[in-house]
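Worksheet: one structure, shown below.
We name chains A, B, ... by the order of the sequence lines, and we start the count at 1 in each one.
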2 protein chains.
Amino acid sequence: MERLMHSIKIGINNKLYVKDPESSDLGKRIIEQSILMIDEMGFESFTFRKLGDRIKSNESSIYRYFENKHKLLLYLASWYWGWLEYKMVFATNGISNASEKLRKAIEILTQTVEEDVSFSHINEVLLNKIVINEYSKSYLTKEVDQENKDGYFVIYKRLINRLYEMIVALDPTYPYPSSLASTILEGSLHQYFLREHFPMLTDCNEKITPTDYFMDLAFRALKPTNHA
Amino acid sequence: MERLMHSIKIGINNKLYVKDPESSDLGKRIIEQSILMIDEMGFESFTFRKLGDRIKSNESSIYRYFENKHKLLLYLASWYWGWLEYKMVFATNGISNASEKLRKAIEILTQTVEEDVSFSHINEVLLNKIVINEYSKSYLTKEVDQENKDGYFVIYKRLINRLYEMIVALDPTYPYPSSLASTILEGSLHQYFLREHFPMLTDCNEKITPTDYFMDLAFRALKPTNHA
DNA sequence: ATACTATGATAGTAATACTTTTATATTTGT
DNA sequence: ACAAATATAAAAGTATTACTATCATAGTAT
């Protein structure tokens, strides 16, 4: 798996960047260090000026890669969802039993990102934390509809759609498969956030994981059909 | 109900404001017009300078009521959750059957806010839209833990806790009552957002409501015990 | 040797998120 | 009715942000 992913490039909408950050050393440093900095200081405090100082480059050079920090966040999020999608498709690929397949998918999508193995300059653990803490900000804007039209959220939508398909395959009678799919993905991020900051609002802790909760919820909601 | 609510004041943590906006005409205009403006232009574009222009007052005068726009958002959100809590407690008060009680609570908490009836200067319909589009931004910050300690989220937490208690009363064997309660509240906001901007990611539309979805989900998950 | 490209350095602009000071209007207490 | 206290308004100032523009320079490709 690790070896395989080394040779994979996650295809991100090229409107999200001015110049592909994967195409140069500076670009990779921008990605690498922006992940560290956004995690450290939060998205609002993060600026291209500070990033420039940190990577000993220039603010104006960073603008040659990304129009603004909002697009950088969309880029990072797309990368993350693409990476998760890849892991999920890979892990569920051979499974023919609909129930097992969905089980595996939920496991991959809701489990903690444990360690950083595959891409040298991208720290997936921190990127997962960024997605938990900042992803909502990327779509809760007045520009969502235009940006959605421009395809900035395709990977995320495709991922939810894959989950939707597995739900329908398992139980075609369930009336809310899209909502359940989006609830699992978004709700999982939320439960991680609550575990960290509002432990009274969640049952998740060191022992119980968001995976446990959503696995249970999904299988309480769905009734497998016999042709599965 | 309307008459009753006219005489109710929603108790909001007094650290959220410098001067109580309910205590003066200017304060009420700040609340009234900030709701309209945040709805119109979104929270990031909204500024105290623009609000001052709009209400023909001065930027500096607004700062005498709220330290910054972030605290204003927290104030508006607290007001909203307090208002919802009130409606929920009122509506579920007389119900002794645990199942019916939870049913009523979910209905109140997840249904569309249809019209603005009770408080003259607060438009609850728009406030509901603001909560859908902006609430996450109020807690997805580096300062959450401190602000949580300062009690800025008490009403929201109390509301979820009330829902939690109804879930436990209905089915004490269910292992994730807190997570289910927080999922219903947060997930409902999310489904409304998706319905508006990402219809492919939800089953909710003109006919199917987030209420339908979460009512069904909750009652698939929970098994009433006989002593209910 | 030259031309092209990437990056860096510097400066500039408009807007934001405030703070400070001073003036004026309004309310209230006696 | 008058003085004092309080609320609001007006204006100016500051540091930072989110860029844009210009010019210089180093490396690379032909």
### Message
Using a 4.0 Å cut-off on heavy atoms, which residues in residues 53-75 of chain B reach DNA chain D? List them by number, or say none.
### Response
B:K56, B:S57, B:N58, B:S60, B:S61, B:R64, B:Y65

### Residues touching DNA chain D, which here means a heavy atom under 4.0 Å, drawn from residues 33-49 of chain A
A:T47, A:R49

### Query
Under 6.0 Å from the six-membered ring centre of A:F43 and within 45° of its axis: does the NZ or CZ of A:K69 meet both?
yes

### Query
Testing A:Y17, A:Y152, A:Y65 for side chain to side chain donor-acceptor pair (under 3.5 Å) with A:K71, which one passes?
A:Y152

### Task
Taking heavy atoms of chain B and a 4.0 Å limit, find me the 5'-most and 3'-most nucleotide of DNA chain C within that range.
C:dT16 to C:dT20

### Summary
Applying salt bridge (charged side-chain N to carboxylate O under 4.0 Å, His left out) to A:E85 and not counting sequence neighbours gives A:R158, A:R162

#### Entry: Partner set under salt bridge (charged side-chain N to carboxylate O under 4.0 Å, His left out) for B:R29, not counting sequence neighbours
B:D25

### Query
With A:T92, which residues qualify under side chain to side chain contact (heavy atoms under 4.5 Å, CB included), at least two apart?
A:M88, A:K101, A:K104, A:A105, A:M166

### Query
Counting only side-chain N and O atoms of A:K50, is one of them less than 4.0 Å from OP1 or OP2 of D:dT16?
no

## Note on the structure
So OH of A:Y192 and OG1 of A:T110: to nearest 0.5 Å the spacing works out to 6.0 Å

### Query
A:Q111 pairs by side-chain contact (heavy atoms from CB on, under 4.5 Å) with which of A:N128, A:T209, A:T211?
A:T211

### Query
Using the ring of each side chain (for Trp, its six-membered ring), is B:F193 parallel, tilted or perpendicular to A:Y139, with breaks at 30° and 60°?
tilted

### Message
Check B:K129 with B:E196, please: is the shortest side-chain N to carboxylate O separation under 4.0 Å?
### Response
no

### Message
Can you tell whether the side chains of B:R54 and B:E40 come within less than 4.0 Å, N to carboxylate O?
### Response
yes

### Task
Would you mind reading off the distance between B:R29 atom CZ and D:dA9 atom C1', rounded to a whole angstrom?
12 Å

